[in-house]
Every structure is written in structure tokens, then in C-alpha cells.
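A short worksheet on the structure shown next.
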Amino acid sequence: MRQVLATMTCAFGLAGLAAPSLAATRYPLTITNCGQPVTFQKAPAKIVSIGQGMTEVLFSLGLADKITGTAVWVGPVLPQYAEANSKIKRLADNDPSFESVVGQEPDLVAAEFEWHVGAQGSVGKREQFADLGINTYLAPADCVAKVNTDGGDGVRKELFTMDLIYQEIAELSEIFDVKERGDALIAQLKRREADAVASISGASGKNLPVVFWFSSKDVNGDAFIAGKNSAPAYILKTIGARNVVTTEEEWPLVGWETIAEANPQVIVIATMDRRRYAADDPKVKVDFLENDPVTRELHAVRNKHFVMMDAQSMNPTIRTIDGIETLANGIKSFGLSQ
């Protein structure tokens with residue numbers, strides 16, 4: 001625990017960012033999480049974390065020693081948590097079974113996405129866990145102004161903002177009675193976000209058409225492209241660029257003929273270790289773009305305006321700020337800033 005906290009302080013520069021909170025959590029604590037009241041009699045002692053983004057928030061709060069199992073990973077953990085992560089049981093790279101989660105005997109299951117733990121949970125429903133005396137917590141970013149009833153990535157009715165990540169950090173830090181760590185982490189992330197915005201104040205995308213490509217079920221088929229209210233849309237709004245997709249679906253499947261009509265000047269390509277689909281591989285993405293008769297004529301492809309971005313920066317996570325920095329640097333390097 002001490003080693004993890006020392007790493008967290010070094011990596012995030014938390015020392016001195018916020019004054020220690022004198023108000024300890026008072027139990028029993030009841031919070032409303034994604035429309036459901038959840039009561040904690042004490043700080044959870046054993047967590048199963050489903051979703052890389054959720055796990056990295058818990059690491060950032062110094063809670064690695066409480067995590068007994070994780071699942072749903074897209075790529076490498078943040079480097080400063082590699083050692084801590086190596087000691088935690090990986091239940092599955094993708095969706096774990098209900099039995100494997102319950103088998104860890106957690107008193108809290110924390111999930112990044114509602115499709116894993118929700119009304120139609122692929123891992124289990126919240127009621128199933130509650131029947132066993134196990135509390136559940138879902139990331140607010142996946143349920144506030146978002147509908148997840150179609151079995152896909154959901155429909156987001158309002159633009160994602162980092163305030164939802166700050167809410168998650170604040171609630172988890174209260175649940176675990178580490179509010180001073182949560183305050184410090186939020187302050188540090190807000191400062192990074194402000195610095196990222198300031199760094200591009202003279203180099204905004206200025207309505208530059210951009211497309212974010214996460215993956216495709218079939219390399220030659222429709223692509224999972226970031227929707228109008230997604231985390232990538234927040235990145236684009238922050239730097240003044242324009243999303244070529246206008247649907248409220250989080251990651252709609254879009255044909256390249258439709259994308260070609262918008263002729264994006266920059267294509268942001270997700271990088272990841274996951275290989276669920278062939279197009280998870282960024283090299284496969286680039287090869288397709290440069291050889292397909294439709295995509296090879298796109299302005300972004302002809303000029304090789306590809307920005308490689310960690311897939312986690314395209315999800316609503318603490319890494320979304322990294323995404324702002326990555327895209328801003330890409331636009332500058334292409335000479336497209338105005």
C-alpha cells in the first residue's frame with residue numbers, strides 16, 4: 001500500500017495540490033449511483049473492478065491493495081501502476097463470468113460500463129449481486145444522460161465532459177474514506193486539462209473536420225466511429241475541431257462512403273493491445289485506409305494525417321485529457337493549426 005501511494009504521489013504530483021480534508025466519511029453512507037441508492041456500512045475491503053478505466057481510477061486513489069480481480073482491458077496499464085497491476089488477478093481480458101467475479105468474494109463490484117453490470121449486464125445484473133450482499137458502483141459517465149438499452153455502446157444525449165470523471169473520483173473517494181486523495185487528484189487533473197487547453201490557444205483546429213476510428217468488426221466493412229457526444233467529441237470541442245459524425249450513438253457503425261463525403265483532414269486511429277476484431281490492430285487500419293479505393297482518396301489519407309491515440313483516451317476516463325494533448329500535437333505537426 002505504501003509503495004502504491006508513493007508511486008501515485010510521484011506520478012501525479014499530488015503533494016500540495018489540495019489541503020487535506022478534515023471531514024472523514026460517516027457511515028452508513030448512501031449515494032445514488034446511476035439511479036439506484038447504494039448503502040455502505042463501511043469502506044469496502046475487497047473490490048472487483050470491471051473496466052480498465054475504472055481500475056486506473058482506483059489505482060490513482062491508492063486503492064490497489066483492495067482490488068482482488070480485474071477484467072475488460074484494452075491496452076497496457078498506466079506505466080506508474082504496472083507493478084501493482086501485475087499482482088492483481090486478471091479474471092478476463094474481456095467480459096468475465098458472473099461466477100468468476102463472485103468467486104473473489106468482493107464486497108464491491110465497480111464497473112466502467114453499464115452493459116457489463118446493469119439491467120442487461122453481460123456479467124451480471126445489479127440485483128444479482130445485491131442478492132449476494134455485494135454492492136455495485138457504475139461510472140457516472142456511462143449513465144448520466146446516456147441510454148444503454150440496445151445492447152451496444154449506447155446513446156449519449158448530452159456531450160460528455162470531464163465533470164463526470166471528477167464526479168466518479170469524488171464519489172469513490174468518499175466511499176473509501178480517502179477524500180483528501182480524491183480532492184488532490186481532481187485538482188491535478190483539472191490543472192492538466194486547463195494546461196492542455198492553454199497549450200493550443202493559438203493553434204486551434206478551427207472547425208477542422210476530424211474522424212475518430214476505434215475499430216471495425218470487418219476491416220472492409222463499416223467502422224466504429226465516435227459519435228457527436230462521446231469523449232472524442234469533447235476532445236474536438238475543446239480544441240475547436242469538428243466531428244464528421246452527428247449521431248448521438250456513442251460509437252455508431254458508419255460506412256466509409258459516408259465518411260468520404262465529409263472528407264476529414266485528420267483521422268485519429270485507436271491503438272490497443274486488444275485483438276477482438278482484426279481492425280483493433282492500428283497497422284491493419286492504416287493498410288486499409290491507404291489501399292481501399294474510397295479511403296485512399298481522402299485528404300487525411302493522401303497527406304498521411306494520421307494521429308495514433310491510445311484507445312483509453314477515446315473512452316470517458318482520466319486519460320481523455322491525454323487525448324486532448326495528443327490530438328493538439330498532431331494538428332500542430334501537420335501544419336493545420338490556425
Side-chain angles (χ1 to χ4, degrees), residues 1 4 21 23-73 84-85 88-92 95-144 146 148-149 154 164-183 185-186 316-318:
M1 177 68 165
V4 172
S21 173
T25 299
R26 298 182 64 178
Y27 301 101
L29 168 70
T30 298
I31 66 168
T32 300
N33 172 241
C34 292
Q36 292 192 21
V38 185
T39 299
F40 298 87
Q41 300 298 330
K42 60 181 180 178
K46 298 175 69 176
I47 317 163
V48 168
S49 178
I50 302 175
Q52 182 174 347
M54 175 65 71
T55 305
E56 290 181 342
V57 168
L58 294 169
F59 283 159
S60 300
L61 289 171
L63 299 170
D65 66 324
K66 294 181 180 292
I67 303 174
T68 62
T70 70
V72 187
W73 286 77
N85 187 59
I88 297 171
K89 186 175 182 178
R90 181 75 62 87
L91 303 180
D95 297 10
S97 67
F98 179 78
E99 292 74 18
S100 69
V101 173
V102 172
Q104 300 305 304
E105 300 182 346
D107 43 16
L108 175 65
V109 174
E112 183 176 354
F113 299 112
E114 191 177 21
W115 77 64
H116 290 129
V117 179
Q120 299 175 324
S122 62
V123 177
K125 298 179 181 179
R126 300 187 80 168
E127 293 79 7
Q128 290 178 276
F129 290 106
D131 288 344
L132 297 175
I134 301 171
N135 273 334
T136 53
Y137 178 86
L138 305 180
D142 203 53
C143 58
V144 174
K146 188 167 183 281
N148 300 302
T149 56
L164 293 173
I165 302 301
Y166 302 147
Q167 177 185 341
E168 176 182 343
I169 293 169
E171 289 176 347
L172 287 171
S173 64
E174 184 175 20
I175 290 169
F176 287 94
D177 194 18
V178 291
K179 286 191 281 189
E180 69 283 356
R181 300 180 201 167
D183 291 345
L185 179 59
I186 291 170
T317 69
I318 56 176

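Values reported hereafter were calculated over all heavy atoms of this structure, with side chains retained and with hydrogens, waters and symmetry mates removed. What you see is a predicted model; the values in this text were computed from it and never measured.
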Asn85/Phe59 under side chain to side chain contact (heavy atoms under 4.5 Å, CB included): CA gap, chis, key distance, verdict: CA-CA 9 Å; Asn85 187 59; Phe59 283 159; 3.7 Å; yes

Glu127, CD: over 12 other non-hydrogen atoms inside 6.0 angstrom: yes

side-chain contact (heavy atoms from CB on, under 4.5 Å) partners for Thr317, two or more places apart: Glu112, Gln312, Asn315, Arg319, Thr320

Cys143 side, atom SG; Leu164 side, atom CG - distance, nearest 0.5 Å: 8.5 Å

Closest non-hydrogen atom pair, Gln120 against Asn148: OE1-O, 4.0 Å

Minimum-distance pair of heavy atoms, taken over all atoms of Arg181 and Gly62: NH1-O, 3.5 Å

Approximate separation, where rounding is to 0.5 Å, of Ile134 CD1 and Leu108 CG: 9.5 Å

Nearest-0.5 Å distance that lies between atom CG in Leu138 and atom CD in Glu171: 11.0 Å

Any donor-acceptor pair under 3.5 Å from Thr68 side chain to Ile47 backbone: yes

Side-chain donor/acceptor of Asp107 to backbone N/O of Lys46, under 3.5 Å: yes

Distance-minimising heavy-atom pair for Ile88 and Ala64: CD1-O, 3.9 Å

From OG (Ser49) to CD (Gln104), nearest 0.5 Å: 12.5 Å

Under 3.5 Å: donor-acceptor pair, side chain of Tyr27, backbone of Ile175: yes

Least distance between heavy atoms, Ala141 atom then Lys146 atom: O-CD, 4.0 Å

CD-CG distance between Glu168 and Leu58, expressed to the nearest 0.5 angstrom: 8.0 Å

Full working for side chain to side chain contact (heavy atoms under 4.5 Å, CB included) between Val72 and Gln52: CA-CA 6 Å; Val72 187; Gln52 182 174 347; over 6 Å; no

Test item: Asp95 side-chain N/O and Val123 main-chain N/O as donor-acceptor pair under 3.5 Å: no

Contact summary for Gln41 and Pro28, nearest pair of heavy atoms: OE1-CB, 3.6 Å

Check against side chain to side chain contact (heavy atoms under 4.5 Å, CB included), Gln128 and Val102: CA-CA 10 Å; Gln128 290 178 276; Val102 172; over 6 Å; no

Where Asp142 and Trp115 come nearest, the two heavy atoms and their spacing: OD2-N, 4.4 Å

Test item: Val101 and Val117 side chains (from C-beta on) under 4.5 Å apart, heavy atoms: no

Rounded distance (nearest 0.5 Å) linking atom CG of Leu63 with atom CZ of Phe176: 5.5 Å

Residue pair Phe40, Thr25: steps toward the side chain to side chain contact (heavy atoms under 4.5 Å, CB included) verdict: CA-CA 10 Å; Phe40 298 87; Thr25 299; over 6 Å; no

